[in-house]
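Shown next, in structure tokens, is the structure this report addresses.
Worth knowing before you read on, the calculation uses all heavy atoms, side chains too, and leaves out hydrogens, waters and symmetry mates. Worth saying up front: this structure is predicted, and the values here are computed from it rather than measured. Just so we're on the same page: letters track the sequence lines, and every chain starts at 1.
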Amino acid sequence: MLDARYVRENVESVRNALKKRGYEFPLVEFLAIDGKRISLLKEVEELRNRRNIVSEEIGKLKGQRADTTAQLAEMKGVSDRLKELDERLHDLESETKTFLLTIPNIPHESVPVGSDENANKEIRKWGCPRQFDFEPLNHWDIAEPLDIIDFDRAAKISGARFAIMKGMGARLERALMNFMLDTHTAKGYKEIFPPIIVNRDSMTGTGQLPKFEAELFRVADPEFYLIPTAEVPVTNIFRNEILKEEDLPVYFTAYTPCFRREAGSYGKDTRGLIRQHQFNKVELVKFVKPEESYDELEELTGNAEEILQKLDLPYRVVILCTGDLGFSSAKTYDIEVWLPGQNRYREISSCSNFEDFQARRAGIRFKREGKKGTEFVHTLNGSGLAIGRTLVAILENYQQRDGSVIVPEVLRPYAGTDLIR
RNA sequence: GGAGAGGUGGCCGAGUGGUCGAAGGCAGCCGCCUGCUAAGCGGUUGUGGGGGUAACACCCCACCCAGGGUUCGAAUCCCUGCCUCUCCGCCA
């Protein structure tokens, strides 16, 4: 969420910045509502002031058993008027809030301007795609003879875009989760295992709601949502809290299942493990001081890259252009892993700095030593990494002519074997 | 699921319709005192919004779990929700 006052005072620059991401900011409407809200607020506060003064007077007079008829008569009028204006103020406040909640974040100045993913820029590449002396297979064609993933029965149990991991498939999933968590905790991230069903306020805090309801699974009766990423519960750990300066930065890592409707992606990645309604992911989340957040983003991205380096999987890092940036993000790096079966790089991690966008929605603040007032922290997060897609990358990159798959060295203690056959 | 109790400032805890942003204690900070420490004494210590200032100061409004209601006036009364605790039942 943007700061209402900042928007009010920097209308043109806000509008131009948002234009870069293809968002037309309805400036006139906003200023009209916001202006009305403020003038009404002043009026309401004046009335409340009057009410406070007179009711105190009444209290004193009653204490002296004096006559209060005149005061009571005035107060009746004040009270009625206040009630009416208060109601209108309420409406305007929630209107302003809703308005602000649906405006995306302002891109950082270092983000390349562009309208869609074609304008994303490759920042760096790591590793060399392997040269195969045979035609490399898709991961589902590798998995089927090995009997480690069962899509058909998963469809029977649940539906399309679900998978059953079996045998070494399941073991590899577990191995990756442990390997990733161990690597990140060694780097100073504290391990978190959060709830994966959350309330509406949490979804609003990180920016999934109110705009992206269609992408979420909802539990109907008491209203809950299944998390689309651990970012949601983990970032909301500090919702409506004021942290001490000395507590920052805070680094968390969390393994969770993730649930996504994938509405509107019909026909995309219909086969295989790439796009599932349920998948596992290890996430990295940071709470930092504003002046440090861009350095922290580089570091966080590096922490995610380290997983791929240790697994010896070739990848590249791409910076998303303004038009491809997520709603809440000010700057995002995507890490894309090489998939021989698709002969292209595919997203496996997304690392973002949200600046104070989520912190303002979620009310996550900190107090500087010796300074008055509070400031919003900056929040960051990134996948470190998506486990299903990592498994895909391993199958496709480590496949052999005979259909077996070599287990990457760092994973062997976790997987209990060096070869899947 | 049934029965009951409760949610007040960083923490403990009083208040039960008017003078309450809220007694008292602890903790923190600043002074005084003391050879040092402790004790003692005095002062001070929340958040958001609006106004104001060069910047302070200062003024106003709101906040006693959240949202509604009653009332001239609500921390206090009523309703709903959330959360916590106790007992019973059930259960991984």
Determine the contact category for [X]: base if any of its heavy atoms lies under 4.0 Å from a base atom, sugar-phosphate if only primed atoms, P, OP1 or OP2 are that close, otherwise nothing.
X	result
A:T68	nothing
A:I58	base
A:K367	sugar-phosphate
A:N199	nothing

Inter-nucleotide [atom1] distance ([N], [M]), Å rounded:
N	M	atom1	value
B:G15	B:U76	C1'	8 Å
B:G9	B:U44	C1'	15 Å
B:C82	B:A66	P	16 Å
B:C65	B:U8	P	6 Å
B:U71	B:G21	P	23 Å
B:A75	B:C64	C1'	5 Å
B:A39	B:A55	C1'	42 Å
B:G46	B:C20	C1'	16 Å

Carboxylate-amine/guanidinium proximity below 4.0 Å for A:R218 and A:E213:
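Result for this pair is yes, salt bridge flagged.
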Tell me if a side-chain donor or acceptor on A:N236 pairs with a main-chain N or O of A:V232 at a distance below 3.5 Å.
yes
Could you tell me whether a side-chain N or O of A:T270 sits under 3.5 Å from a main-chain N or O of A:Y266, the two making a donor and an acceptor?
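No; zero donor-acceptor contacts below 3.5 Å.
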Let's see if you get this right: which residues in residues 72-79 of chain A place a heavy atom under 4.0 Å from RNA chain B?
A:L72, A:M75, A:K76, A:S79
Nucleotide nearest [X] when distance is taken to its side chain, options [options]:
X	options	result
A:K42	B:U47, B:G50, B:A62	B:G50
A:H90	B:U47, B:G68, B:G18	B:G68
A:I242	B:U47, B:G18, B:G50	B:U47
A:R48	B:G18, B:A62, B:G49	B:A62

[N] pairs with, by Watson-Crick or G-U criteria that keep both distances under 3.5 Å:
N	value
B:G67	B:C79
B:G1	B:C88
B:G35	none
B:G9	none
B:U44	B:G28

When the aromatic ring centroids of [X] and [Y] are compared, is their separation below 6.0 Å?
X	Y	answer
A:Y225	A:F217	no
A:F238	A:F287	yes
A:H184	A:Y251	no

So does [X] get a side-chain nitrogen or oxygen closer than 4.0 Å to the phosphate oxygens (OP1/OP2) of [N]?
X	N	value
A:N49	B:C60	no
A:K83	B:U70	yes
A:N52	B:U19	no
A:R51	B:G18	no
A:R365	B:G48	yes

In whole angstrom, what separates [X]'s [atom1] from [N]'s [atom2]?
X	N	atom1	atom2	answer
A:E46	B:C61	CD	C1'	11 Å
A:D86	B:G50	CG	C1'	15 Å
A:R5	B:G48	CZ	C1'	11 Å
A:L89	B:G48	CG	P	20 Å
A:E241	B:G46	CD	C1'	15 Å
A:R50	B:C60	CZ	P	14 Å
A:L243	B:G46	CG	P	19 Å
A:N240	B:G10	CG	P	14 Å

Tell me which of A:I38 and A:I53 sits closer to the 5' end of RNA chain B, going by the nucleotide each one is nearest to.
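It is A:I38 whose nearest nucleotide is closer to the 5' end.
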Show your working on ring-ring contact (aromatic ring centres under 6.0 Å, His included) between A:F259 and A:F279 and close with a plain yes or no.
CA-CA 7 Å; A:F259 304 91; A:F279 62 97; 8.4 Å; no
I would like to know whether A:L82 and A:S79 meet side-chain contact (heavy atoms from CB on, under 4.5 Å); could you show each step before the answer?
CA-CA 5 Å; A:L82 190 55; A:S79 176; 5.6 Å; no
Crowded around A:R153 CZ? As in, over 12 foreign heavy atoms under 6.0 Å?
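Atom CZ in A:R153 is not packed in, count stays at 12 or less.
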With sequence neighbours excluded, give me every side-chain hydrogen bond (donor to acceptor under 3.5 Å, both in side chains) pair touching residues 84-95 of chain A.
A:R48-A:D86
Side-chain donor/acceptor contact of A:E56 with base of B:G73 under 3.5 Å:
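Side chain to base: no pair present.
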